[in-house]
Participant: 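Structure in structure tokens, see below.
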Amino acid sequence: MSLTALAQVLGGANKVAYATSLDNVPNLRIVNFVWDETTPNVLYFASVRDSRGVQEFLASDRIAFSTVPETGNAHVASNQATGQASQRTLAQMQPQFLAQVPDFAHVLELIGPKLALYEIRITSAEVDQGLDNGVQQVTF
């Protein structure tokens, strides 16, 4: 498993599209995320606690996702992930969100107290490094 390719692709993205399905009703959402090298199998995102999207996220047995590239087509995708409320707090991760997510300071000003931190935990994923740069499977 090459964490170098994973780090390179995740370091160049700040949005993830994740899919849930409850009662045979699929749903797709796009959220900003950050990645921390100390927990390479976890994507962190902030969302309004108790929102409908968060309720669906937490109730889903499995999560599918793909990062959304800013440029090009390098991305990380998986249908082998789960979702949960994070053990970390948004305050702990705030410096990373401010550094990696454009306009996150404005989000904090508007709805900061309503936000909680959530995790997409990856069992395995496909790391597509872009055109003719190869695809790798990573397993945790």
Side-chain angles (χ1 to χ4, degrees):
M1 169 177 69
S2 173
L3 290 182
T4 304
L6 182 70
Q8 182 180 7
V9 175
L10 291 177
N14 64 26
K15 290 184 181 70
V16 64
Y18 73 83
T20 59
S21 181
L22 292 176
D23 300 323
N24 277 336
V25 178
N27 208 330
L28 181 69
R29 290 189 167 71
I30 297 175
V31 295
N32 293 110
F33 80 94
V34 297
W35 180 72
D36 183 347
E37 290 183 13
T38 65
T39 52
N41 66 319
V42 180
L43 305 180
Y44 298 91
F45 70 93
S47 190
V48 175
R49 70 176 57 77
D50 298 326
S51 68
R52 180 175 163 212
V54 165
Q55 290 173 7
E56 289 176 7
F57 175 80
L58 294 174
S60 294
D61 291 333
R62 288 185 23 204
I63 306 291
F65 76 88
S66 177
T67 58
V68 180
E70 290 290 316
T71 59
N73 66 343
H75 64 281
V76 175
S78 176
N79 63 2
Q80 300 294 317
T82 58
Q84 67 183 48
S86 183
Q87 299 272 336
R88 293 183 178 184
T89 66
L90 183 55
Q92 290 172 316
M93 299 296 290
Q94 186 172 324
Q96 286 174 280
F97 275 93
L98 291 171
Q100 297 175 25
V101 177
D103 299 322
F104 195 75
H106 185 65
V107 171
L108 288 174
E109 287 175 25
L110 291 176
I111 60 170
K114 297 178 182 180
L115 296 175
L117 191 65
Y118 300 93
E119 300 177 357
I120 297 173
R121 293 194 155 264
I122 308 162
T123 303
S124 68
E126 184 175 89
V127 181
D128 186 328
Q129 298 173 73
L131 294 175
D132 290 331
N133 290 316
V135 176
Q136 293 183 22
Q137 190 71 28
V138 293
T139 304
F140 297 96

Participant: To the nearest 0.5 Å, what is the distance between CD (Gln96) and CZ (Arg88)?
Facilitator: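 CZ of Arg88 is found 7.0 Å from CD of Gln96.
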
Participant: Under 6.0 Å from the CD atom of Gln80, do we count more than 12 heavy atoms belonging to anything else shown?
Facilitator: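 Yes - once you tally the heavy atoms of other residues, nucleotides and ligands closer than 6.0 Å, there are more than 12.
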
Participant: Once you round to the nearest 0.5 Å, how far does OG1 of Thr89 lie from CD of Gln94?
Facilitator: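 Those atoms lie 9.0 Å apart.
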
Participant: Drop me the distance from Thr123's OG1 to Asn41's CG, to the nearest 0.5 angstrom.
Facilitator: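 Result: 8.0 Å between the selected atoms.
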
Participant: Which ILVMFWY residues are connected to Val135, directly or by a chain of links, through side-chain heavy atoms under 4.5 Å apart?
Facilitator: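 Cluster partners of Val135: none, it stands alone.
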
Participant: So which heavy atom on Val127 is nearest to which on Val9, and how close?
Facilitator: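 Heavy-atom minimum between the residues: CG1-CG2, 3.8 Å.
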
Participant: Report all side-chain donor-acceptor pairs from residues 19-28 shorter than 3.5 Å, counting only partners two or more places apart or in another chain.
Facilitator:
from, atom 1, to, atom 2, distance (Å)
Asn27, ND2, Glu56, OE1, 3.0

Participant: As an exercise, state the distance from OG of Ser78 to CZ of Arg121, rounded to the nearest 0.5 Å.
Facilitator: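 Rounded to the nearest 0.5 Å, the OG-CZ separation comes to 13.5 Å.
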
Participant: So does Leu110 have more than 12 non-hydrogen atoms from other groups sitting under 6.0 Å from CG?
Facilitator: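 More than 12 within 6.0 Å, yes.
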
Participant: Is there a continuous path of hydrophobic side-chain contacts, each under 4.5 Å between heavy atoms, that joins Leu6 to Tyr44?
Facilitator: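 No, separate clusters.
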
Participant: Can you tell me if Thr67 uses its side chain to pair, donor with acceptor, with the backbone of Val76 under 3.5 Å?
Facilitator: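 At least one qualifying donor-acceptor pair exists.
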
Participant: Are Leu90 and Leu98 joined in one hydrophobic group, where the rule is that I, L, V, M, F, W and Y side chains link up if heavy atoms are under 4.5 Å apart?
Facilitator: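 Hydrophobic grouping puts Leu90 with Leu98.
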
Participant: Looking only at heavy atoms, which two atoms of Glu119 and Gln87 are closest? And how far apart?
Facilitator: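 Heavy atoms only, the tightest pair is OE2-N, 3.7 Å.
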
Participant: Can you hop from Ile120 to Leu117 via hydrophobic side chains spaced under 4.5 Å?
Facilitator: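 No, Ile120 does not connect to Leu117 through the hydrophobic network.
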
Participant: Side chains of Ile122 and Leu43: does their closest heavy-atom pair fall under 4.5 Å?
Facilitator: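 Yes, close enough: below the 4.5 Å cut-off.
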
Participant: Tell me which one of Leu108, Val107, Val34 satisfies side-chain contact (heavy atoms from CB on, under 4.5 Å) with Phe97.
Facilitator: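 That would be Val34; it is the only one of Leu108, Val107, Val34 passing the side-chain contact (heavy atoms from CB on, under 4.5 Å) with Phe97.
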
Participant: How far does CD1 of Ile63 sit from OG1 of Thr82, to the nearest 0.5 angstrom?
Facilitator: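 Reported to 0.5 Å precision, the distance equals 7.5 Å.
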
Participant: For Leu115, is there any backbone N or O sitting under 3.5 Å from a side-chain donor or acceptor partner on Arg49?
Facilitator: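 Present.
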
Participant: Flag yes if Val54 and Phe33 sit in one hydrophobic cluster, no otherwise; membership is Ile, Leu, Val, Met, Phe, Trp, Tyr, and two members link when side-chain heavy atoms are under 4.5 Å apart.
Facilitator: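 Cluster IDs for Val54 and Phe33 match.
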
Participant: Would Phe140 and Thr39 satisfy side chain to side chain contact (heavy atoms under 4.5 Å, CB included), going step by step from the backbone distance to the final call?
Facilitator: CA-CA 10 Å; Phe140 297 96; Thr39 52; over 6 Å; no

Participant: Is the count of non-hydrogen atoms from other residues, nucleotides or ligands lying under 6.0 Å from Asn73 atom CG greater than 12?
Facilitator: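 Yes, because the 6.0 Å sphere around CG of Asn73 holds more than 12 heavy atoms from other groups.
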
Participant: Applying ring-ring contact (aromatic ring centres under 6.0 Å, His included), which residue pairs with at least one partner in residues 54-89 are found, sequence neighbours left out?
Facilitator: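 For residues 54-89, and leaving out neighbouring residues, the ring-ring contact (aromatic ring centres under 6.0 Å, His included) pairs sorted by first residue read Tyr18-Phe57, Phe45-Phe57.
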
Participant: Find out if a path of hydrophobic residues (ILVMFWY) with successive side-chain heavy-atom gaps under 4.5 Å connects Val101 to Ile111.
Facilitator: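 Same cluster: Val101 reaches Ile111 through Ile, Leu, Val, Met, Phe, Trp or Tyr contacts under 4.5 Å.
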
Participant: At what distance, to the nearest 0.5 angstrom, does CE of Met93 lie from CD of Gln100?
Facilitator: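 With rounding to 0.5 Å, CE (Met93) is 8.0 Å from CD (Gln100).
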
Participant: Would a distance-only check, ignoring hydrogens and angles, find a side-chain to backbone donor-acceptor pair under 3.5 Å from Asn14 to Asn32?
Facilitator: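 No, Asn14 side chain to Asn32 backbone: no donor-acceptor pair under 3.5 Å.
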
